[in-house]
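The structure under discussion appears below in the form of C-alpha cells.
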Protein chains: 2
Amino acid sequence: MEKSEPLAFLEHDHSQCRQTALKCANNQGLRLTKWRQLVLDLLLEDHRSMGAYEILNRLECNGVKPQPPTAYRALDFLVEHGLAHRIEKLNAYVACARPDACQSAGFIICKECNIVAEVECSPSSPELLRVAANVGFDAESTVMEVEGICSNCQNGN
Amino acid sequence: MEKSEPLAFLEHDHSQCRQTALKCANNQGLRLTKWRQLVLDLLLEDHRSMGAYEILNRLECNGVKPQPPTAYRALDFLVEHGLAHRIEKLNAYVACARPDACQSAGFIICKECNIVAEVECSPSSPELLRVAANVGFDAESTVMEVEGICSNCQNGN
DNA sequence: ACAAATCTGTTATAATGTTACAATCCCGTT
DNA sequence: AACGGGATTGTAACATTATAACAGATTTGT
C-alpha cells in the first residue's frame, strides 16, 4: 500500500487498525484509563467520525453513564496524544488511522456516508506555509479538510 | 504588493477593503439588505474574526436587536456569495479580504490577537487533493487553516 | 506510607447553531 | 396601481456542542 493511500476507502483488515492503535498507545507509556479506552474503542469501530455526544450517549461502564466532561476529557487526551483527530468542519472526532506514523494529517470527508479518510501529507498548502513563514508566523497546528462526495456515494451506494 | 501577501499583517488603507467589498457585492447584483449590510460592516471593521453571537450582540437597527437566525442568515448569505468566510477552527467569521478575486483561500490565525490573515492559495495540500482525485472523490469545499502566534504577538505586542 | 499529581464525578451553565411558522417586503407582471 | 410568487425577516422555542468549578478518588514517585 502506498504511503498516503487513504485506508478508509480501501478494503482492509480493520482489526489491524485497532491493534496498531492500542500497541501504539502502550508503547508511548500513556495511561489508557477506563474511559479513554472505551472512547478509543468506539472511535476505532470504523473510519467514521463521531460527535462528542454520540460518543457520550454510547459510553457506559458497569451501567454507569458519564457526563459530558468525561467524554471531552477522554477526547482531548486522545487528540493530544495523536490517537484521535478532531474534524473541525464536523465538530467531530476520528481515530487516527496511523498512530504509529502520524506527522501531519489531512482529511477527506464524505458528506453522505460520513467516512473520514485520513491522508498523511505535508502540512497545508505550501503557499500558505510559505506566506506564514514570510511574516514570521509561528505555526502550531494546521487544519486540512476536504469535504465532498466519495466515489461510492456518487454511484448511489 | 505580491499576489499572496497576507493583507491583515500589513499596514494598509483598510477603508479600501471595505470599498472593494461593497463594490464587489453591488457588481454581483446581490441584495445587500439591511442586516446583511450591517453584518458585513461589522466584519469589515478589521481583519479579526467574529463569532456569530459577538456579531449578534452588536447588531442593532433603530433600536431593534435581532434574534440568532437573523445573524446566521446574514452570515450564511455572505459566506455563500464569497463576501465572508467561516473559520472552522474558531467557529467564527471574517470578511473576505479579496472579494474581487477570491478563488480559494487559506487562513493564518493568531491565537493571541485573533487576527485572521487570508491567503489566496491553491486549495489544500497537493497530496491531499491528489489522493482525493485518485479515489474518485468529488471535492466541494476545502478548509485550510494554520493556527499559531503572529510575529507581533511573539514580540509581546 | 505519604505527598503530589492526575484523573474522575457531578452540577450547572455557557456558547453555538437550528427548526418552524407567520408576517412582511420586493419585484416582475397584469 | 393591484396582484402574486419568491425572498427575506420576525419570533419563540429548542437542539447541539462545549466548558467552569470544585470535590473526591486514584495513581505515581519517593
- Angle, rounded to 10°, between the helical axes spanning five pairs at each terminus of the helix from dA1(C)-dT30(D) to dT30(C)-dA1(D)?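 About 40° separates the two local helix axes.
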
Donor-acceptor contact below 3.5 Å, side chain [X] vs main chain [Y]:
X	Y	value
Glu145(B)	Lys89(B)	yes
Arg48(B)	Cys113(B)	yes
Glu112(A)	Cys153(A)	no
Glu60(A)	Asn62(A)	yes
Arg36(A)	Arg31(A)	yes

Expected list for residues 63-71 of chain A: side-chain donor-acceptor pairs under 3.5 angstrom, two or more places apart:
{"residue": "Lys65(A)", "atom": "NZ", "partner": "Asn57(A)", "partner atom": "O", "Å": "2.7"}
{"residue": "Lys65(A)", "atom": "NZ", "partner": "Leu59(A)", "partner atom": "O", "Å": "3.4"}

- Task: May I ask you to list the residues of residues 32-43 of chain A, by number, that have any heavy atom positioned under 4.0 Å from an atom of DNA chain C?
- Result: Thr33(A), Lys34(A), Trp35(A), Arg36(A)

- Item | Non-neighbouring partners of His85(A) that pass ring-ring contact (aromatic ring centres under 6.0 Å, His included), sequence neighbours left out | Phe107(A)

- Task: Classify the ring geometry between His12(A) and His14(A) as parallel (under 30°), tilted (30 to 60°) or perpendicular (over 60°).
- Result: perpendicular

- Query: Should the ring pair Phe9(A) and Phe137(B) be called parallel, tilted or perpendicular, given that the plane angle runs from 0 to 90° and is split at 30 and 60?
  - Reply: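 Tilted, since the angle between the ring planes falls between 30° and 60°.
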
- Message: Both Pro66(B) and Arg31(B) contact DNA chain D. Taking the nearest nucleotide for each, which residue is further toward the 5' end?
- Response: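 That would be Arg31(B).
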
- Scoring nucleotides 16-23 of chain D by protein non-hydrogen atoms under 4.0 Å (B base, S sugar-phosphate only, - none) yields -BBBBBB-

- Task: Decide yes or no for Leu75(A) and Arg86(A): does some side-chain heavy atom of the first lie under 4.5 Å from some side-chain heavy atom of the second?
- Result: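 Leu75(A) does not reach Arg86(A) side chain to side chain.
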
- Decide yes or no for Leu42(A) and Glu54(A): does some side-chain heavy atom of the first lie under 4.5 Å from some side-chain heavy atom of the second? no

- Message: Assess the residue pair Cys121(B) and Arg130(A) against the criterion (side chain to side chain contact (heavy atoms under 4.5 Å, CB included)); give the C-alpha distance rounded to whole Å, side-chain angles, the decisive distance to 0.1 Å, and a yes or no.
- Response: CA-CA 11 Å; Cys121(B) 57; Arg130(A) 182 181 60 72; over 6 Å; no

- Query: Contact boundaries of DNA chain C with chain A (under 4.0 Å, heavy atoms), 5' to 3'?
  - Reply: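 It runs dT6(C) to dT11(C).
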
